[in-house]
Q: 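Below you'll find the structure I mean.
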Amino acid sequence: KTRMIVILSCAFFFLIACSGFDTLIPLFATKELGVTTREWARMGTMRGIGVFLGAIILGALSDRLGQKIIAGFSMLSLAFLLYGYAFGNKSLLWLMMPVSGALVSTIYVNLNTLTQKISSQHQGKANSAYRATLSFAGILAPIFATGLAAYWGGYRAVFLVLTLSAAISG
């Protein structure tokens, strides 16, 4: 039970950071950084390339070093990256998008793998709890992130809050 609580806590705070980021980044990029829709589409492609490369490179490292180590490293790296978004500019966005894609993909896979290892007897309960936690965080995060952005009048400070959430998850 303790391992499952740890995994669910990590998953919750990770998805608050991830879903909040996914909600805010197109708004931030277009409204505050002046990214055009064409550039945003290309940045989305760059993020997809990051997911692809992350699956290959970080997946192999997970097999070699262990899911816990790579998941923790990826969560803390995501926290640093979110911190960078708070102070970033349009040029930096091109580099950060593929890196965030690689990290997010790796975290999802490693948390899922760790969930699968909880108990063969209680696999259904573990999977349901994991998916429910992700769903709940995914519902809350956009409301939370956009609400804070409206209250604070911008997105950069919210990225700092998302940084904290990612750091807690790691």
Side-chain angles (χ1 to χ4, degrees), residues 7 9-62 65-112 114 133-134 137-170:
I7 290 170
S9 297
C10 289
F12 179 80
F13 285 105
F14 158 68
L15 203 72
I16 289 289
C18 182
S19 186
F21 168 80
D22 287 343
T23 300
L24 293 186
I25 192 63
L27 302 170
F28 172 69
T30 56
K31 291 183 179 182
E32 289 194 19
L33 299 181
V35 172
T36 67
T37 53
R38 185 176 191 179
E39 289 172 320
W40 179 248
R42 289 182 179 162
M43 286 180 187
T45 298
M46 293 299 294
R47 189 168 182 197
I49 290 169
V51 170
F52 174 74
L53 293 175
I56 294 168
I57 297 166
L58 294 173
L61 284 175
S62 292
L65 301 175
Q67 285 83 21
K68 289 180 192 175
I69 291 171
I70 297 301
F73 167 78
S74 296
M75 288 174 190
L76 293 176
S77 297
L78 182 65
F80 282 112
L81 196 67
L82 288 169
Y83 183 80
Y85 278 108
F87 301 101
N89 57 40
K90 187 175 177 178
S91 299
L92 203 53
L93 211 57
W94 287 100
L95 173 65
M96 294 164 69
M97 289 300 285
V99 174
S100 66
L103 294 173
V104 167
S105 172
T106 300
I107 295 165
Y108 271 118
V109 170
N110 283 308
L111 285 176
N112 186 54
L114 291 169
T133 299
L134 291 178
I139 291 166
L140 291 180
I143 297 165
F144 172 71
T146 55
L148 284 178
Y151 181 75
W152 287 331
Y155 304 101
R156 293 180 187 269
V158 183
F159 284 121
L160 296 176
V161 174
L162 298 177
T163 297
L164 180 62
S165 186
I168 290 169
S169 75

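Note: hydrogens, waters and symmetry copies are ignored here, and every other heavy atom, side chains too, is used.
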Q: For the atom pair CZ (F21) and CG (L81), what is the distance rounded to the nearest 0.5 Å?
A: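 Result: 7.0 Å between the selected atoms.
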Q: Applying salt bridge (charged side-chain N to carboxylate O under 4.0 Å, His left out) as the test, list every pair that has at least one member in residues 14-28; sequence neighbours left out.
A: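 Qualifying pairs, neighbours excluded: D22-R47.
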Q: Checking the side chain of S19 only, and the main-chain atoms of I16 only, is there a donor and an acceptor separated by less than 3.5 Å?
A: no
Q: What is the distance from atom CD1 of I25 to atom OG1 of T30, rounded to the nearest 0.5 Å?
A: 9.5 Å
Q: Once side chain to side chain contact (heavy atoms under 4.5 Å, CB included) is applied, do any residues pair with Y151, and if so which ones, sequence neighbours excluded?
A: none
Q: Could you list the residues that satisfy side chain to side chain contact (heavy atoms under 4.5 Å, CB included) with F13, not counting sequence neighbours?
A: S165, I168, S169
Q: Identify the two heavy atoms, one from T106 and one from G54, that lie closest to each other, and give their separation to 0.1 Å.
A: OG1-O, 3.8 Å
Q: If you look only at pairs with a residue in residues 154-170, which of them pass as a salt bridge (charged side-chain N to carboxylate O under 4.0 Å, His left out), with sequence neighbours excluded?
A: E32-R156
Q: How long is the span from the CD1 atom in I7 to the OG1 atom in T133, to the nearest 0.5 Å?
A: 10.5 Å
Q: For L76, which residues count as a side chain to side chain contact (heavy atoms under 4.5 Å, CB included) partner, sequence neighbours excluded?
A: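 With sequence neighbours excluded, L76 shows a side chain to side chain contact (heavy atoms under 4.5 Å, CB included) to no residue whatsoever.
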Q: Taking the side chain as every heavy atom from C-beta outward, state whether V104 and V51 have any pair of such atoms under 4.5 Å apart.
A: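 No, their side chains stay 4.5 Å or more apart.
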Q: Holding to side chain to side chain contact (heavy atoms under 4.5 Å, CB included), I want the full list of residues that pass it with I143, two or more places apart in sequence or in another chain.
A: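 Side chain to side chain contact (heavy atoms under 4.5 Å, CB included) check on I143 returns nothing, list empty.
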Q: Report the distance from atom CG of L78 to atom CG of L103, rounding to the nearest 0.5 Å.
A: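 Answer for the CG-CG pair, L78 versus L103, is 6.0 Å.
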Q: Between N112 and V109, is any pair of side-chain heavy atoms under 4.5 Å apart?
A: no
Q: How would you list, by chain and number, every residue that makes a ring-ring contact (aromatic ring centres under 6.0 Å, His included) with F159, sequence neighbours excluded?
A: F28, Y85
Q: May I have all residue pairs that pass salt bridge (charged side-chain N to carboxylate O under 4.0 Å, His left out) and include part of residues 157-168, sequence neighbours excluded?
A: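 Those involving residues 157-168 do not exist here.
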Q: Mind listing the closest non-hydrogen atom pair of A17 and L82 along with its distance?
A: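 Answer, listing the atom of A17 first, then L82: CB-CD1, 3.9 Å.
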Q: Can you confirm whether F73 is buried at CZ, in the sense that more than 12 heavy atoms of other residues, nucleotides or ligands lie under 6.0 Å from that atom?
A: no
Q: So which heavy atom on S62 is nearest to which on I70, and how close?
A: OG-CG2, 3.2 Å
Q: Do L164 and L160 have side-chain heavy atoms sitting under 4.5 Å apart?
A: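 No; the side chains remain at least 4.5 Å from each other.
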Q: Would you confirm whether S105, through its side chain, and G101, through its main-chain N or O, come within 3.5 Å as a donor-acceptor pair?
A: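 Checked: no pair found.
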Q: Mind checking ring-ring contact (aromatic ring centres under 6.0 Å, His included) for F144 and listing every partner two or more places apart, or none if nothing turns up?
A: none
Q: Looking only at heavy atoms, what is the nearest atom pair of V35 and M43, with distance?
A: CG2-CE, 4.0 Å
Q: Do any pairs count as a ring pair (Phe, Tyr, Trp, His ring centres under 6.0 Å) and have a residue in residues 90-110, sequence neighbours left out, and if so which ones?
A: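 Sorted result for residues 90-110: F14-Y108.
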Q: For L134 and L15, which heavy atoms make the closest approach, and how far apart are they?
A: O-CD2, 2.6 Å
Q: How many angstroms lie between atom CH2 of W40 and atom CG of L33, to the nearest 0.5 angstrom?
A: 10.0 Å
Q: Quick one: salt bridge (charged side-chain N to carboxylate O under 4.0 Å, His left out) pairs with a partner in residues 86-104, sequence neighbours left out?
A: E39-K90
Q: How close do P142 and G138 get, heavy atom to heavy atom, and via which atoms?
A: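 Heavy atoms of P142 and G138 come nearest at CD-O, 3.0 Å.
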Q: What pairs meet the side chain to side chain donor-acceptor pair (under 3.5 Å) rule with one or both residues in residues 66-79, with sequence neighbours excluded?
A: Q67-K117
